[in-house]
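These notes concern the structure reproduced below.
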Amino acid sequence: MAGTDRFSFEKLFAKNAPVGAKTSFRRPKYDFAVAYPDPDTLPLEGLANAMRTALERDGKELSYYPDYVGLLSLRELIADKLVRDRNMKITAEDVVITSGSGEAISMIIQSLTDPGDVVITEEFLYLGTLRQMRRYSADVVGVKCDDDGMIPEELEATLNRLKGEGKRVKYLYTIPTFQNPLGWTMTLKRRKSMLEIAGSHGIPIFEDDCYVDLRFGGEDVTSIHSLDDSGQVIYVGSFSKIIAPGARMGYMVAPEELTLRAMSFKGGGGTNQLAAMAIEEYLKHEMYQHIDEQNRSLIVKRDAMLASLGENFGDTAKWAIPQGGLCVWLEFPEGTDLAAVQEQSFAEGVGYYNGTQFSPEGRGANFARLCYGHPSPEMVYEGVSELARVLERHGVIKP
Ligand SMILES: Cc1ncc(COP(=O)(O)O)c(C=O)c1O
């Protein structure tokens with residue numbers, strides 16, 4: 001019989017394998033922490049019908065492992081959409097389907113990042129990307145933004161400073177449309193100047209357009225990718241916000257030489273073909289109708305959040321009115337510590353993420369991101385007021 005000592009892997013771990021976390025997302029009563037879409041407008045019936053149709057027609061294809069780059073008909077649908085909606089000059093050949101855009105982001109980061117490489121981002125950014133950049137030991141440098149996007153003079157000054165320090169900047173990551181967590185959409189002028197500045201320094205732009213379809217106000221602005229003729233822009237998109245995060249379906253568009261490197265980091269024998277078949281069959285008939293329906297629901301939730309913010313935080317915080325996307329970025333006076341009570345707030349039923357989680361330098365405890373996509377309008381309204389009670393109880397804001 002084997003001994004009772006447990007086998008230990010301790011001395012066997014690869015040097016570059018840090019400890020991860022088996023995190024599951026918590027579900028507090030009022031959940032403003034995660035950028036989930038609206039559960040009531042998930043196209044469940046449409047997807048079920050589409051799945052049946054696709055399986056009856058092409059189901060036997062599932063006996064093969066899928067193409068590494070993903071289902072051709074879905075890649076064609078994505079390419080058509082990006083040509084039509086984002087003015088990109090691409091074909092299905094340029095598209096790779098991934099397990100959420102998170103996988104694409106990780107593949108690109110792994111392809112381009114050596115430990116210590118400098119990466120430029122907005123001063124606050126999607127924490128999943130920030131985590132991946134840190135995972136591969138990038139030196140992440142945030143650049144100051146205003147309501148129009150990253151400030152060109154700040155970008156130029158940062159690049160010149162880094163150059164002076166002998167540091168090599170590998171790429172510039174941006175979320176130009178409904179920036180997560182800041183909420184703004186970068187203007188056309190800013191997109192052009194970002195491209196020009198990055199181009200003059202020989203730096204590629206990594207454009208993450210995760211929220212682009214969730215627009216319910218303001219003018220659409222063309223993709224940075226569409227403004228570039230030199231192959232300097234990498235683009236990623238996602239079906240998480242217009243279908244569902246649980247579908248784990250996203251995509252990337254990159255120059256061939258980068259795609260070939262990135263593919264070496266794609267594991268798991270391709271992307272879920274079953275989900276891809278259902279999504280393609282559904283979207284080819286109902287994409288824009290579904291997006292409209294979803295946005296009509298989101299605007300009501302956004303308005304419920306803005307109304308409750310006005311009533312409960314009118315004297316203590318500032319925020320801009322988002323024209324799309326899933327979140328509001330709240331700014332409290334300098335010195336307010338929303339990081340200190342975040343865990344307690346979750347425990348008391350109100351989930352939010354504070355600014356430090358989105359900041360490369362770990363600053364911004366006086367900011368919070370509140371996502372309004374998932375709770376009903378009534379729960380959004382009620383939950384913001386509950387947040388005010390929690391913050392008052394713990395002395396973060398005055399009653
Ligand atoms: C800006 C941004 N990019 C990418 C993602 C990743 O999305 P997914 O991996 O679900 O496609 C998210 C998720 O919230 C996000 O906010």
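Each ligand, and each atom within it, is numbered from 1 in the order the structure gives.
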Candidate with minimal heavy-atom separation from atom 6 (C) of ligand 1, of Tyr126, Tyr251, Phe239, Tyr173: Tyr126

Option passing salt bridge (charged side-chain N to carboxylate O under 4.0 Å, His left out) with Asp209 (candidates Arg191, Arg215, Arg86): Arg86

Aromatic ring proximity, centroids under 6.0 angstrom, Tyr352 and Tyr30: no

Gly102 N/O under 3.5 Å from ligand 1 N/O: yes

Atoms in ligand 1 with a heavy atom of Cys210 nearer than 4.0 Å: 1 (C), 2 (C), 3 (N), 4 (C), 5 (C), 12 (C), 15 (C)

Atoms of ligand 1 close to Gly100 [distance to a heavy atom under 4.0 angstrom, numbered from 1]: 9 (O), 11 (O)

Proximal atoms of ligand 1 relative to Ser238 (non-hydrogen, under 4.0 Å): 8 (P), 11 (O)

Residue portion contacting ligand 1 (non-hydrogen atoms closer than 4.0 Å) for Ile105: side chain

Residue and atom name of the nearest protein heavy atom (relative to atom 16 (O) of ligand 1), distance in Å to one decimal: Tyr211 OH, 2.6 Å

Aromatic ring pairing Tyr235/His225, orientation class (parallel under 30°, perpendicular over 60°, tilted between): perpendicular

Gly250 near ligand 1 by a heavy-atom separation under 4.0 Å: no

Sub-3.5 Å N/O-N/O distance, Lys241 and ligand 1: yes

Atom 1 (C) of ligand 1 - nearest protein heavy atom and its distance: Asp208 OD2, 3.4 Å

Closest protein heavy atom (residue, atom, distance) for atom 7 (O) of ligand 1: Ser101 OG, 3.4 Å

Phe313/Trp319 aromatic ring centres below 6.0 Å: no

Worked verdict on Ser297 versus Glu293 for side chain to side chain donor-acceptor pair (under 3.5 Å): CA-CA 6 Å; Ser297 165; Glu293 186 193 340; over 6 Å; no

Residue Phe25 excluded, over 12 heavy atoms near CZ under 6.0 Å: no

Electrostatic pair Arg27-Asp31, nearest N-O below 4.0 angstrom: no

Atoms in ligand 1 with a heavy atom of Arg248 nearer than 4.0 Å: 8 (P), 9 (O), 10 (O)

Parallel, tilted or perpendicular: rings of Phe367 and Phe124 (30°, 60°): tilted

Taking atom 10 (O) of ligand 1 as the reference point, the nearest protein heavy atom with its distance: Ser240 OG, 2.5 Å

Between Tyr171 and Tyr173, ring centroids under 6.0 Å: no

